[in-house]
A.B. asks: 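Dropping a structure here in structure tokens format, bear with me for questions.
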Amino acid sequence: MDLLLPSPPTPLQELHDQLFEKAAVRLFVKRDDLIHPEVSGNKWRKLKYVLQDVLACKKDTVLTFGGAYSNHLYALAAAGKELGLKTIGVVRGEKPAQESATLQFCRQKGMRLHFVSREEYRLRDSAEYLSALESRFGSPYIIPEGGTTTLALPGVAELVAEVEVQLPTSPVYYGVAAGTGGTTAGLLSAGANVVAFSALKGGDFLKADIMDLTRETAKTGTLDLQTGYHFGGYAKYNAELLDFIVDFKTRFGIQLEQLYTGKMFYGLFDMIGKGHFPEGSTIVAVHTGGLQGLLRN
Ligand SMILES: *Cc1c(COP(=O)(O)O)cnc(C)c1O
């Protein structure tokens, strides 16, 4: 049952370029950016079974965590509104004089925003802190940052099932941008071989988090975690990345953004050019959406 409509499958689009011809690989884009106008990309996939659980638990309020530009807060605010759930966003950092367009959108969707200091935000996974939030906000259903829980995995795994129907060839490598690693874990749980591109500096910690998430899944594909394409860190970018995004749009007609998908495609193209993938490989790059964050407010 899909609570959030429209529902997938999303298109699988092949890109043509000399770069791929020379390397003798095929590159496809899984267009999850088209999955829903507001609950975009991987957030739709990750929230699918989490939201079913919220309803099964008969909770009317959902609380979650994110920064001022969080695609997850944005998606959850929209999904909550659509499903008639109250939403509370615990936002990292003191309330700014001018709220970001992301937070303004969240408010428009009825999300209640609760700003906390960066120190307090660090407690977001501690049991003691969560039970304090529960008492304070009347026992909401609590979703971790990024919507990343083991319940997020089966929704992402469905993406792989769709691709297996759309493109019945192998071997396939999946390319995906990683923030918390939840989407990567979901792809792995479907048995996919994944090249994950950390959007953060020092992304090596993701490996342990992803292993933790996939510990109890029946299948696990192989993980190639790339930590060198972060462009200085989370939300950092330079002219070269912005040029790449403009050029990508011109050549392929697909919009990327500078936080996640721009870095992922930049890294993927670089690796293809360097002959990282065996000849004859098929690569499926997941467009995880997030276009609300394009050239930040
Ligand atoms: C949130 C987000 C990611 C990161 O997903 P994780 O599951 O946290 O790794 C990647 N791309 C986009 C566009 C996102 O909004």
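Both counts, for ligands and for their atoms, begin at 1 and track the order of listing. As the structure is a prediction and not an experimental result, all values here were calculated from the model.
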A.B. asks: Short list, please: which atoms of ligand 1 are under 4.0 Å from a heavy atom of Ala178?
C.D. replies: 9 (O)
A.B. asks: Among Arg45, Met264, Glu145, Lys43, which one puts a heavy atom closest to atom 15 (O) of ligand 1?
C.D. replies: Lys43
A.B. asks: Could you go through Phe269 and Phe244, starting from their C-alpha distance and side-chain angles, then the distance that decides it, and tell me whether this counts as ring pair (Phe, Tyr, Trp, His ring centres under 6.0 Å)?
C.D. replies: CA-CA 10 Å; Phe269 279 32; Phe244 176 82; 5.4 Å; yes
A.B. asks: If you measure from atom 13 (C) of ligand 1 to every heavy atom of Gly293, Ser70, Ala177, Gly289, which option wins on shortest distance?
C.D. replies: Gly289
A.B. asks: Tell me, please: is Gly146 in heavy-atom contact with ligand 1, that is, under 4.0 Å?
C.D. replies: no
A.B. asks: Phe28 and Leu34: same hydrophobic cluster, using ILVMFWY side-chain contacts below 4.5 Å?
C.D. replies: no
A.B. asks: On the 0 to 90° scale, with breaks at 30° and 60°, tag the Tyr129-Phe65 ring pair as parallel, tilted or perpendicular.
C.D. replies: tilted
A.B. asks: Taking the six-membered ring for Trp, are Phe248 and Phe265 closer than 6.0 Å centroid to centroid?
C.D. replies: yes
A.B. asks: Name the closest protein heavy atom to atom 11 (N) of ligand 1, giving the residue it belongs to and the distance to 0.1 Å.
C.D. replies: Thr288 OG1, 2.7 Å
A.B. asks: Quick one: does Gly41 get within less than 4.0 Å of ligand 1, heavy atoms only?
C.D. replies: no
A.B. asks: Examine the side chains of Tyr174 and Asn193 and answer whether a donor and an acceptor come within less than 3.5 Å of each other.
C.D. replies: no
A.B. asks: Among the heavy atoms of Asn42, does any lie under 4.0 Å from an atom of ligand 1?
C.D. replies: yes
